[in-house]
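Everything on this sheet refers to the single structure shown next.
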Amino acid sequence: MELWYTEQQTEHVRFSIKIKQHLFSSHSGFQQVDVFDSVEFGKFLTLDGLMMVTEKDEFIYHDMIVHVPMATNPNIKKVLVIGAGDGGTVRELLRYPHLETIDMVEIDKMVVDVSVEFLPQTASQLYDEKVNLYFEDGLKFVRSKVNEYDLIIVDSTDPFGPGEGLFTKEFYSNCYRALKAEGILVNQHESPYYPAFERNMRRAHQRISEIFEVAQVYQAHIPTYPSGHWLFGYASKGILPINKHVNSWHEYGLKTKYYNPALHVGCFALPSYVI
Ligand code: SAM
C-alpha cells in the first residue's frame, strides 16, 4: 500500500508527496500539527494541512528570510522573530557572531517541541543562549515595544487562524514603532500566483506601504509551497534593500546553498505579472 500526503492548494489544485511514515499528529489547541517522513523531501511539518517546512527545501526559505536583511545592514544586533517555531530562521541568524540577542515569539509551543523532536536540522539551536523564547501571540508581544529592534522577521503561517493578526495594519504599525531608525521588517509574504494567495499578498503589501517609507517585495522558488513562487516583504524606515553593504556579505565567510549577493540583487526584479 502506498501512503500519500495530499495538500489542497486551491479548490482545483492538489499537491501530493509520497510518504514513508506519519510520525506525529495532534491538535495543539491552536492548530493541527503533523510531521511526516517522505521519500523525496525527507521529514516535513504541516500545520492545519498546509506545508510549513521540509528537510529538503527549507534552506531556500530560511536563506531568503534571514540573509537578505542581514546583508543590507551590518549593524543588526537585536532581532525579534515572530512565529518560526521550526527553528530554521534562528539557526541562520545565529551564524552572524555580531548578532547579540534574538527574541523569538511563537504562539504554539507544540510546534517547537515537535520540531526539536523530529526536525533537529532546523530546530537544534532554538535553545541557544542568545535566544529568548516566548510562547505568546506575536501581535500582542509587539504592542508594548518601542525603538527596540534592528530587525523584525515575521516567519508566520498564512493569514488565517493564529497567523491572521500578523497581516493587519495594527501589527505593521506596531512593528514600525518597535524598530529603531535603521530597522528592517521582513515577512513571509505569500504567493503572487493563485488568486486567493495573490489577494492576501497584495493586501499585505498595500498595508505595509502605507506605514513604511521603503516597502518592496522579493521572490524565491520554493518547490513545496503553492505554485512554488513565493514572496517575502522587505520594509524599512530608509535603508534600501540593495545598497553598498550587499556586496561585502562575502566577508562573513558564510556558506549558503541558495543566497548570494548576485541573487540578492536579482530577487527584487519581479516578473511583469507581479509588479
Ligand atoms: N516557513 C513557514 C511557512 O511560510 O509556511 C512558516 C513556518 S513557522 C512553523 C510559522 C509559525 O508561526 C507556526 O509555528 C505558528 O504557530 C506561528 N504563528 C502563527 N501565528 C502566530 C502568532 N500570532 N504569534 C506567534 N506565532 C504565530
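Just so you know, ligand 1 is whichever comes first in the structure, and atom 1 is the first atom listed for that ligand. All values below come from the heavy atoms of this structure, side chains included, with hydrogens, waters and symmetry mates left out. All residue numbers refer to positions in the sequence shown, counting from 1.
Residue-level proximity to ligand 1 for Phe141 is absent, since no heavy atom of it falls below 4.0 angstrom. Contacts of Met51 with ligand 1, taken as heavy-atom pairs under 4.0 Å, involve the backbone alone. With a 4.0 Å heavy-atom cut-off, ligand 1 is reached by the backbone of Ser156 but not by any atom from C-beta on. Looking at Gln188 against ligand 1, only its side chain comes within 4.0 Å, counting heavy atoms. Contacts between Val105 and ligand 1, counted as non-hydrogen atom pairs separated by less than 4.0 Å, involve the backbone only. With a 4.0 Å heavy-atom cut-off, ligand 1 is reached by the backbone of Thr157 and by its side chain too. Proximity of Tyr225 to ligand 1, defined as any heavy-atom pair under 4.0 Å, is confined to the side chain (atoms from C-beta onward).
The nearest heavy-atom contact from the protein to atom 12 (O) of ligand 1 is Gly83 CA, 3.3 Å. Nearest protein neighbour of atom 24 (N) of ligand 1, counting heavy atoms only, is Gly138 N, 2.8 Å. Atom 6 (C) of ligand 1 has as its closest protein heavy atom Asp155 OD1, 3.2 Å.
Tracing side-chain contacts under 4.5 Å through hydrophobic residues (I, L, V, M, F, W, Y), one reaches Val66 starting from Met104; they form part of the same cluster. Residue Phe232 is grouped with residue Ile76 when hydrophobic side chains (ILVMFWY) are merged at heavy-atom distances under 4.5 angstrom, including chains of intermediate members. A single hydrophobic cluster is seen to contain both Ile242 and Val186, as judged by linkage of ILVMFWY side chains at heavy-atom distances under 4.5 Å, directly or through other members.
Comment: Arg143 engages Glu170 in a salt bridge, judged by a side-chain N to carboxylate O separation of less than 4.0 angstrom. Lys180 has a carboxylate O that lies under 4.0 Å from a charged side-chain N of Asp150, or vice versa, which qualifies the two as a salt bridge. The residues Glu210 and Arg207 are annotated as not salt-bridged, no charged nitrogen and carboxylate oxygen being separated by less than 4.0 angstrom.
Considering backbone and side-chain N/O of Ile107, one or more are found under 3.5 Å from N/O of ligand 1. Ligand 1 has no N or O atom lying under 3.5 Å from any N or O atom of Val111, backbone or side chain. The shortest N/O to N/O separation between Asp108 and ligand 1 does not fall below 3.5 Å. Looking at Gly163 next to ligand 1, an N or O pair under 3.5 Å apart turns up. The shortest N or O to N or O distance between Asp137 and ligand 1 is under 3.5 Å. Polar contact check, Leu47 against ligand 1: no nitrogen or oxygen pair lies under 3.5 Å apart. For Glu106, a nitrogen or oxygen atom sits less than 3.5 Å from a nitrogen or oxygen atom of ligand 1, counting backbone and side chain alike.
Gln31 counts as a contact of ligand 1, since one of its heavy atoms falls under 4.0 Å from the ligand. Ala84 counts as a contact of ligand 1, since one of its heavy atoms falls under 4.0 Å from the ligand. Residue contact annotation: Glu136 has a non-hydrogen atom under 4.0 Å from ligand 1.
Remark: of the listed residues Phe118, Phe36, Tyr5, Trp4, Phe36 is the sole one forming a ring-ring contact (aromatic ring centres under 6.0 Å, His included) with His22. Remark: of the listed residues Tyr61, Tyr258, Phe59, Tyr259, Tyr259 is the sole one forming a ring-ring contact (aromatic ring centres under 6.0 Å, His included) with His67.
Counted by atom type alone, Gln31 and Asp108 present one or more donor-acceptor pairs between their side chains at under 3.5 Å. Ser191 and Ser227 are linked by a side-chain donor-acceptor pair at a separation below 3.5 angstrom, with hydrogens and angles left out of the test. Checked by atom type, the side-chain pair Ser25/Gln32 shows a donor-acceptor distance below 3.5 Å. Defined by atom type and a distance below 3.5 Å, a donor-acceptor pair is present between the side-chain atoms of Glu213 and Tyr176.
Ring pair Tyr252/His98: centre-to-centre distance below 6.0 Å.
Among Leu139, Asp86, Val154, Leu166, the residue whose heavy atom lies closest to atom 7 (C) of ligand 1 is Asp86.
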